[in-house]
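Side chains are part of it too, since the values below use all heavy atoms of this structure and drop only hydrogens, waters and symmetry mates. In what follows, every chain begins at residue 1, and chains take the letters A, B, ... in the order their sequences are listed.
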There are 2 protein chains.
Amino acid sequence: MESKRRVTIREVAERAGVSMATASRALSGNHPVPAATRARVLRAARDLDYVANAHARALVGGGRKMAAVVVRQVTSPFYAQVAEGVEAEAADRGWLCVVGATGGDPQREMEFVQLMREEGARLVILVGGVVEDDAYRERVTHYAQALDATGARLVLCGRPAPDPDIPALVVEFDNEAGARAITGHLLSAGHRRIVFLGGLPGNTALDARVAGYRAALAEHGLPAEAAHVVDCGLGRAAGLRAMAELLKETREFTAVFAGDDMVAAGALRAIADAGLTVPDDMSVVGYNDIPLAEDFNPPLTTVRTPAEELGRAAVRIALRDPEHAAGSHHLLGTHIVVRRSVGAPPEGSH
Amino acid sequence: MESKRRVTIREVAERAGVSMATASRALSGNHPVPAATRARVLRAARDLDYVANAHARALVGGGRKMAAVVVRQVTSPFYAQVAEGVEAEAADRGWLCVVGATGGDPQREMEFVQLMREEGARLVILVGGVVEDDAYRERVTHYAQALDATGARLVLCGRPAPDPDIPALVVEFDNEAGARAITGHLLSAGHRRIVFLGGLPGNTALDARVAGYRAALAEHGLPAEAAHVVDCGLGRAAGLRAMAELLKETREFTAVFAGDDMVAAGALRAIADAGLTVPDDMSVVGYNDIPLAEDFNPPLTTVRTPAEELGRAAVRIALRDPEHAAGSHHLLGTHIVVRRSVGAPPEGSH
DNA sequence: TTGAAAGCGCTAACAC
DNA sequence: GTGTTAGCGCTTTCAA
C-alpha cells in the first residue's frame, strides 16, 4: 500500500538533481531553462512516469480549462451530436470536456451545475428546450450570476435566457422558421389537413415549432381552426401511442408533422400498424434529421438542424470576445431535407 | 475584475464568526458541531453562495471520485448507451463521470488516459473492440500499471487484456455466442449461403463474431468454404458501399450477417437500391440492437447486446471487491431479437 | 540560471 | 466544542 502514492514533482527534481522550482520550469517550458538541465528533468520525469497533479496545478492557478455540457440524455441522437460538437471544439483548444445527463430533472441539473462550479469549469453549456416557468427563470438567473462571478461563462442552447441582461449567451436554431418551411413543404404537396404531433405546452422549442406551423398555415390562407396539435410530448413511445390513438379517432388529416424525428419514428410505426402506407395514404415529416432518419421506412423528410455545429458554435462564440458575447443571441439556420415520406394527399381526401 | 474570485471557506467562517476548521466541519458534517453554530455556518454559506473548491479538497484527500469512459465517438448509438450506463451508475454512487471521444485514434486515447491520471480519476473504462497488436498491448499494459500504481482501476470493455496478469478487468459480451446464435437463426430459416459483411481483421470484437459465424456454419455441416466474409469494416457508409459492390459481383448468397446494426442499415439501403426487397429476396441480420433498429426497413432482426448494462456492469464490478476484481474476466450474455428482416431464401435459390 | 519560500483553499491532527 | 497549525503538490515571486 506504500505504493499507492503518485509520483510528485519533488521526486522528479531529486532524481534530476535540481530544485522543485527548476523542475517545474523545465516541465512546463514557460521559463528559460538550459537545454542540458531541461533534458535531465524530462528524462527523470519519463523514468518515473510522472504526471502532474491537475488539482494542485488548478489550485495555484494554472489549471486546465474545463467545459461542461449538460443534456437530458446522451442516447438521444440529437443531444449526442451536440455533445460531440462541444467535445470536439473543446478538444481542439486543449480543453477538457465533461458531459452530464440530467434525465430532464431540474434537480439533477442544479446539482450538476453546482458540481461544475466546484470543479472550476470555465464554461457551462445547457442544452435543450425547457418549460419556461418561474422556477426555470430563477434557476438560470442564479447559474448565470454565480458562474459570472468567477469569470465562467454560461451558454444556453435551444433554451431562452430569462432576461436579456443576465450574463448568459444563447445559441439556438430558428425553430419557427424551420417549422414554417417544412409545413410549407407539406402545403405545397397539396396537404391541407396536417396534424402537429408532439406538442409540449410551455416547452420553448416545441412552442416555436408549433408557432411556425401555425404561421405557415395562415400564410396559405387557412383558418386558425385548420391547426391541429396533439400535445403528446417527445420520444418514440409518445409518438407511437399518440398516433395510434389519433388514427382510431379520426382520419380527417392527410399529413403529420412530428415534433422531432423520434416522434416521427413512432408515428411511422403506428401508421404501418394501422395498415396504412407512407406516403401514399399519409405523409409524415420530422425534425432534426438525426443520423438514421434516412433509414426509416420510408426515408424521412425532415428539417436538418446541424446539431454538431450547434455544439461547436456554443463554445466558439462563448470563447470569442467574451465581454461582448454575454447577453447576445445567436440563431443558426436549418433547412429541409427531402426524402420519401411526403407525397400528394390520397385521392378523394378532400 | 476584483470580483472574479471565488468565495472561500475563510469568508464563510468570518461571516459566521467561527474558525475555518469549524466552518469546514459544519459544512461537511462529518464531525459533531452544535446545531446552532452549524446553522450559522450553513446560513453564511448560503448567503455567500459558497461552493467548495473541488481542487483544494482533492489535494487534501477528500476529493470527489471521478470515473472516465473512453469511446470512439458518442454519436454511435452503441457507445452512447454504454456511456449512459457508466454515467448512470457513477451518478448513483455520487461519482463524477467524464466521457472522452478518441475518434479511434490511439494517440488521442493515450492523451486522454494521461489527462485522467492528472485529474486523479479513480476509474478508467476503455470501450470498444481494437486491433490487438504489439502497440496496443504495450499501451494498455502501461495504462494498467500506471493506474494501478495510484490505486486507480482500469476496465476494458469489449477489448482484451494483453495479459491476464496485468491489473485490469475485462467486461464484455460473448460475441462468439451471439454470432453463432444469429447465424443459426439464418440457417434454420433455410439459408446456406450467408455472407458476413463488416469484418475488420485483427479487431477482437469482429473476429469473435466471425468465429461464431464460422462455428455455426460448421455445426450445420457446411464446409469451411461456405463462409464468405467481406472485410469492409464498420459504419453505415462502409456497409452501403460494400453491399453495393457485392451485389454487382455476385448474387450467390441469400442472406447477410452485418457486423453491426449500422452496417446493416447501409446494407439494407444498398439492397433496396439494387431493386431487391428484404426479406423476400434477401435476408439481413445485424448486431447490437440499437434503438431505431426496429425502425429500419424492414425492422431488423439482430442480436441484443444490453449496452447500458455493459456500462453499469463495468463500474459495478470494478468497484465491488476491488482486490479480487483485478484480472477477472466477465462475459455478459446476449440474445436474438426477431423482427422482420429474415425470411426463407427465395425460391429456386438453391 | 537557479533555489528558497510563500501560498493557492481546504481538511485533519493536535491542542486547548 | 473549537481554534491553531501543518501540510496536500504545485507555480511563482524574490533573492542570490
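- No donor-acceptor distance shorter than 3.5 angstrom exists from the side chain of B:Arg159 to the backbone of B:Thr204, with no hydrogens or angles considered.
- Among residues two or more places apart in sequence or in another chain, the salt bridge (charged side-chain N to carboxylate O under 4.0 Å, His left out) test is passed with B:Arg57 by none.
- Contact check, A:Arg57 against D:dT11: a side-chain N or O comes under 4.0 Å of OP1 or OP2.
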Polar pairs (N or O, both sides) under 3.5 Å between protein and nucleotides 1-3 of chain D?
from  : atom 1 : to      : atom 2 : distance (Å)
D:dT2 : OP2    : B:Thr37 : OG1    : 3.3
D:dG3 : OP2    : B:Ser19 : N      : 2.9
D:dG3 : OP2    : B:Ser19 : OG     : 3.0
D:dG3 : OP2    : B:Thr22 : OG1    : 2.7
D:dG3 : N7     : B:Arg25 : NH2    : 2.7
D:dG3 : O6     : B:Arg25 : NH1    : 3.3
D:dG3 : O6     : B:Arg25 : NH2    : 3.3

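- Among residues two or more places apart in sequence or in another chain, the side-chain contact (heavy atoms from CB on, under 4.5 Å) test is passed with B:Gln81 by A:Thr75, B:Pro291, B:Ala307.
- On the nucleic acid side, DNA chain C contacts chain A at distances under 4.0 Å to non-hydrogen atoms, with the end points of that region at C:dT1 to C:dG9.
- For the salt bridge (charged side-chain N to carboxylate O under 4.0 Å, His left out) test, no residue two or more places apart in sequence or in another chain qualifies with B:Glu172.
- Where the helix from C:dT1-D:dA16 to C:dC16-D:dG1 starts and where it ends, the local axes point in directions that differ by 40°; five pairs per end, rounded to 10°.
- Remark: B:Arg15 engages B:Asp47 in a salt bridge (charged side-chain N to carboxylate O under 4.0 Å, His left out) (not counting sequence neighbours).
- Applying the side-chain contact (heavy atoms from CB on, under 4.5 Å) criterion to A:Asp165, with sequence neighbours excluded, gives A:Asp163.
- B:Ala58 comes within contact range of no nucleotide atom at all, as no heavy-atom separation falls under 4.0 Å.
- Listed by chain and residue number, B:Val18, B:Val33, B:Pro34, B:Arg40 satisfy the side-chain contact (heavy atoms from CB on, under 4.5 Å) test with B:Thr37 (two or more places apart in sequence, or in another chain).
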Can you list, pair by pair, the side-chain donor-acceptor contacts under 3.5 Å of residues 60-69 of chain B, counting residues two or more places apart and other chains?
from    : atom 1 : to       : atom 2 : distance (Å)
B:Arg64 : NH2    : A:Glu118 : OE1    : 3.2

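- Residues meeting the side-chain contact (heavy atoms from CB on, under 4.5 Å) test with A:His142, sequence neighbours left out: A:Arg117, A:Ala146, B:Asp49.
- Every residue two or more places apart in sequence or in another chain was checked for a salt bridge (charged side-chain N to carboxylate O under 4.0 Å, His left out) with A:Glu138, and none qualifies.
- Atom NE2 in A:His55 sits about 12 Å away from atom P in D:dC10, given to the nearest Å.
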